[in-house]
Amino acid sequence: MTVARTTVKPYACCGHRFVSLDAAVDLRRQGVPAADIRSIEVRTYSAAIDVVGDPRPRTIEEEQFSILFLVAMALIGEPIDREGTKRALHDPEVGRLTASTTVEHDPDFETAIPAHRGAGVTVTEASGAGRSATMRDRLGSPDKPLALTDQQRCPGREANSSPTG
């Protein structure tokens with residue numbers, strides 16, 4: 001038997017979260033300051049919404065399923081790993097962003113399943129300006145392969161930090 005297509009897990013969380021995290025990381029890299037964010041909308045397919053998880057997790061295990069919490073972590077630049085999660089669980093800024101996040105079904109992402117698992121994230125800033133990032137495929141999928149550099153393995157990580165998980 002030959003395995004022709006496989007997905008590599010770039011984050012320590014539920015796989016349905018990856019593409020939303022990729023979009024949030026893209027917004028951070030565009031220079032969206034987390035302190036200026038007033039609301040966040042995540043648009044994705046139904047299977048990702050079915051397991052949204054606790055909006056304010058209390059444990060690392062609960063965090064792995066909370067799309068709202070993980071997107072907030074990515075927007076503030078916290079690495080999606082064990083140490084980043086420990087810090088984020090008690091970070092008031094992560095709590096504020098999590099509380100301002102909604103998750104909506106997007107029929108365009110739904111119709112692309114199973115070939116593609118997409119999501120979009122839109123943030124509204126204090127000025128009223130909105131910025132969006134949309135991802136058709138999640139990082140690490142056969143259609144968006146993962147290069148094995150530290151920065152790409154843990155995209156929520158700042159460029160000058162070292163990998164810890």
Side-chain angles (χ1 to χ4, degrees), residues 6-37 39-45 47-103 109 116-123 131-165:
T6 190
T7 295
V8 176
K9 227 178 155 170
Y11 305 104
C13 64
C14 173
H16 290 300
R17 308 294 170 256
F18 297 169
V19 74
S20 298
L21 284 169
D22 294 342
V25 167
D26 186 56
L27 285 169
R28 176 149 175 89
R29 288 182 180 154
Q30 289 178 35
V32 174
D36 290 348
I37 296 172
S39 66
I40 304 163
E41 178 188 66
V42 177
R43 299 167 320 283
T44 191
Y45 54 95
I49 294 171
D50 290 345
V51 288
V52 166
D54 189 334
R56 189 66 179 148
R58 292 168 302 282
T59 67
I60 290 173
E61 292 74 23
E62 290 174 355
E63 168 271 337
Q64 293 173 325
F65 290 93
S66 178
I67 198 167
L68 296 83
F69 181 78
L70 291 164
V71 165
M73 280 182 68
L75 286 168
I76 68 164
E78 194 66 72
I80 311 300
D81 63 13
R82 191 166 199 73
E83 293 305 311
T85 300
K86 285 179 188 176
R87 287 188 299 272
L89 285 169
H90 306 289
D91 185 327
E93 185 69 352
V94 172
R96 182 186 72 78
L97 292 173
T98 298
S100 71
T101 303
T102 60
V103 181
F109 293 126
H116 304 283
R117 295 182 187 202
V121 175
T122 300
V123 297
R131 292 204 225 178
S132 296
T134 300
M135 302 292 168
R136 180 174 176 233
D137 292 297
R138 58 191 187 171
L139 184 63
S141 71
D143 294 314
K144 195 173 181 183
L146 182 68
L148 294 178
T149 66
D150 289 337
Q151 182 64 26
Q152 290 171 313
R153 237 184 333 185
C154 302
R157 213 179 273 295
E158 294 300 328
N160 61 355
S161 69
S162 62
T164 58

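The structure displayed is predicted, hence computed values, not measured ones. For the numbers below, each heavy atom of this structure counts, side chains included, while hydrogens, waters and symmetry mates do not.
Residues meeting the salt bridge (Lys or Arg N to Asp or Glu O under 4.0 Å) test with Asp36, sequence neighbours left out: none. Residues forming a side-chain contact (heavy atoms from CB on, under 4.5 Å) with Ser39 (at least two apart in sequence, or on another chain): Thr124. With sequence neighbours left out, Ala35 forms a side-chain contact (heavy atoms from CB on, under 4.5 Å) with Glu93. Legend: residues meeting side-chain contact (heavy atoms from CB on, under 4.5 Å) with Arg87, ordered by chain and number and at least two apart, are Glu78, Pro79, Glu83. Looking at residues two or more places apart in sequence or on another chain, you find a side-chain hydrogen bond (donor to acceptor under 3.5 Å, both in side chains) between Thr122 and Arg43, Ser132. For Ala48, the side-chain contact (heavy atoms from CB on, under 4.5 Å) test picks out His16, Arg17, Thr44, Tyr45, with sequence neighbours left out. Contacts of Phe69 classified as ring pair (Phe, Tyr, Trp, His ring centres under 6.0 Å), with partners at least two apart in sequence or in another chain: none.
To the nearest 0.5 angstrom, Asp26 atom CG is 9.0 Å from Thr134 atom OG1. The CZ atom of Arg96 lies 10.0 Å from the CD1 atom of Ile76; values are rounded to the nearest 0.5 Å. Here the CD1 atom belonging to Ile80 is positioned 10.5 Å from the CZ atom belonging to Phe18, to the nearest 0.5 angstrom. To the nearest 0.5 Å, atom CG of residue Leu75 and atom CG of residue Leu21 are 9.5 Å apart.
Residue pairs that meet the salt bridge (Lys or Arg N to Asp or Glu O under 4.0 Å) test with at least one member in residues 61-77, sequence neighbours left out, are Arg58-Glu62. Residue pairs meeting the salt bridge (Lys or Arg N to Asp or Glu O under 4.0 Å) criterion with at least one partner in residues 133-147, sequence neighbours excluded, are Arg5-Asp143.
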